[in-house]
Amino acid sequence: VAFLVAYHQNKQLIGEKGLLPCKLYLQSVKKYFKGKINLDALSYAPTIIWFLDWSDMDSILDNISLVGLATSAFVLVTGCANMVLMAVLWALYLSLVNVGQIWTLTINIFFFSFSHAGTTGWESQLLETGFLAIFLCPLWTLSRLPRSTPPSGIVVWGFRWLIFRIMLGAGLIKIRGDRCWRELTCMDYHYETQPVPNPIAYFMHRSPWWFHQFETLFNHFIELVVPFFIFLGRRMCIVHGVLQILFQVLLIISGNLSFLNWLTIVPSIACFDDLSLGFLFSSRRGGVKDRVVQMQARQAAGETPPLGYGRCIRHVVNISFGLLIAYLSVPVVLNLLSSRQVMNTSFNPLRIVNTYGAFGSITKERTEVILQGTSSPDPNDPAAVWEEYDFKCKPGDLKRRPCFISPYHYRLDWLMWFAAFQTYEQNEWIIHLAGKLLAQEEEILSLMATNPFEGRTPPRWIRGEHFKYKFSRPGGTHAGEGKWWIRKRIGAYFPPVNLQGLKKFYEDRSWPYPVRD
């Protein structure tokens, strides 16, 4: 899914004519490190793109995504993988994330001002999960049950350590953050103000107050108490896995948080052993379950594979892996213990062991930026007709049903949510977006749900309007009119702009000037 999102959206967001071209970003990094691609530059932004020809950045981004798609599809369909394949997937996605800038929220504020860096923890979480998966697999063979190199308990505990940090980090950031988590009132607002609500959230928002309080208490129990079950023996570890998976399923049902919750299920599986998962597999003779039983019987009888050179190397690798995870966990643990805890942050450039957290603060009102265009020569003419652009999933049209997209992800819609409670000066890319809509560039329009000027002359002016949005009441007057949302204008988000007036703005940032077809 992650590579699919990248393939469909990277050209529009970070390509040659993207909203924030990654070529300009890499050039800025290179310039900062004295115009050289040295170890400092590589450690700041580890990506294989440094070593490729930048003359056709769109092709580079597409090819990385396609290779990742093909490799992950092979692993998914066949159920076979080895360390080489998993390392390739990890390196490819790391390369995309580290040039993603605000779209993957991994950019350093030295180069671009963006105060929410690191907010989408699923990028780092996917990279850490992928790194752990490398060591779960045999080196070369594609066998599903490699007898000579079974998965190490060290790696299994690496996954358990990951889910422990994810959940405890999320719980602690809430308790230390917004007071509504301590007052048990955060769920009064969450469903309506989350980044991209779905239809279930529309109805969940109207739950009674006592149910919202119960939800908040249950959330605290899952995130602050249940993680410690991992260390209380086999049965409690299994209980932990069951509760965490059920919790993630509830989050998937009630919101569109990309592939985050699906991804969080993965390390939870490490809480189960072969005995507890046996019911999922067929008992037919020669099947996976039968072969595992035979292997375990031979092991119980004291029969073990010969300790060859390869197994010795693998033992050394597993121990080294464990020591690396322990070493990189030191700043992460210190962060968890700190009253100034930060969430979704990496302390190393490869994003191997990270801090996590979610919704440390809850917005109490939902605001939206609505982009509008007009063909009027005078944007200040009271008779000017302003027509609205709709995004793929974020609220806009009051009568459009909230969407279901998880585990897919619309990066532009997600960033529009952040932009709505900031200013356009803090999000210059939104002016870049306005310019591309003025030029009716097909690539950027592919990220939009509607183009009110399709088949017509492009708009002369684009403006951003700021609105406060609220869910309509089910069964109420507005809902009876087919409206899922009601809104009230706050004011202008950015003033009307035209292509000619944006020319210097583009030149100052070295952005390619949009040209109308």
Name all residues meeting the side chain to side chain contact (heavy atoms under 4.5 Å, CB included) criterion together with T374; count only those two or more places apart in sequence or in a different chain, and write none if there are none. S376, A384, W386, W461
Decide side-chain hydrogen bond (donor to acceptor under 3.5 Å, both in side chains) for Q9 and R411; before the verdict, give the C-alpha distance in whole Å, the side-chain angles of both, and the deciding distance to 0.1 Å. CA-CA 8 Å; Q9 302 177 36; R411 297 191 185 280; 5.0 Å; no
List in chain and number order the residues that pass side-chain hydrogen bond (donor to acceptor under 3.5 Å, both in side chains) with S95, two or more places apart in sequence or in another chain; answer none if no residue qualifies. none
After noting the C-alpha distance and the side-chain angles of Q27 and Y32, does the key distance pass the side-chain hydrogen bond (donor to acceptor under 3.5 Å, both in side chains) rule? CA-CA 9 Å; Q27 288 172 346; Y32 179 70; over 6 Å; no
Pair listing, salt bridge (charged side-chain N to carboxylate O under 4.0 Å, His left out) test, anchored in residues 182-209, at least two apart: R179-E183
side-chain hydrogen bond (donor to acceptor under 3.5 Å, both in side chains) between Y408 and H8, worked out: CA-CA 11 Å; Y408 195 74; H8 284 160; 3.2 Å; yes
Qualifying salt bridge (charged side-chain N to carboxylate O under 4.0 Å, His left out) pairs, either residue in residues 255-269, two or more places apart: none
Listing request: all salt bridge (charged side-chain N to carboxylate O under 4.0 Å, His left out) pairs with a residue in residues 248-259, at least two apart in sequence or in separate chains. none
Identified salt bridge (charged side-chain N to carboxylate O under 4.0 Å, His left out) partner of K436 from the options E441, E443, E442: E441
Y191 and S207: side chain donor to acceptor below 3.5 Å: no
Tell me whether the rings of F421 and F418 are parallel (<30°), tilted (30 to 60°) or perpendicular (>60°). perpendicular
Going by the side chain to side chain donor-acceptor pair (under 3.5 Å) test, name the single residue among T264, N344, N354 that passes it with Q125. T264
Hey, could you give me each pair passing side-chain hydrogen bond (donor to acceptor under 3.5 Å, both in side chains) that has a residue in residues 445-454? Not counting sequence neighbours. Q12-S446, Q440-N451
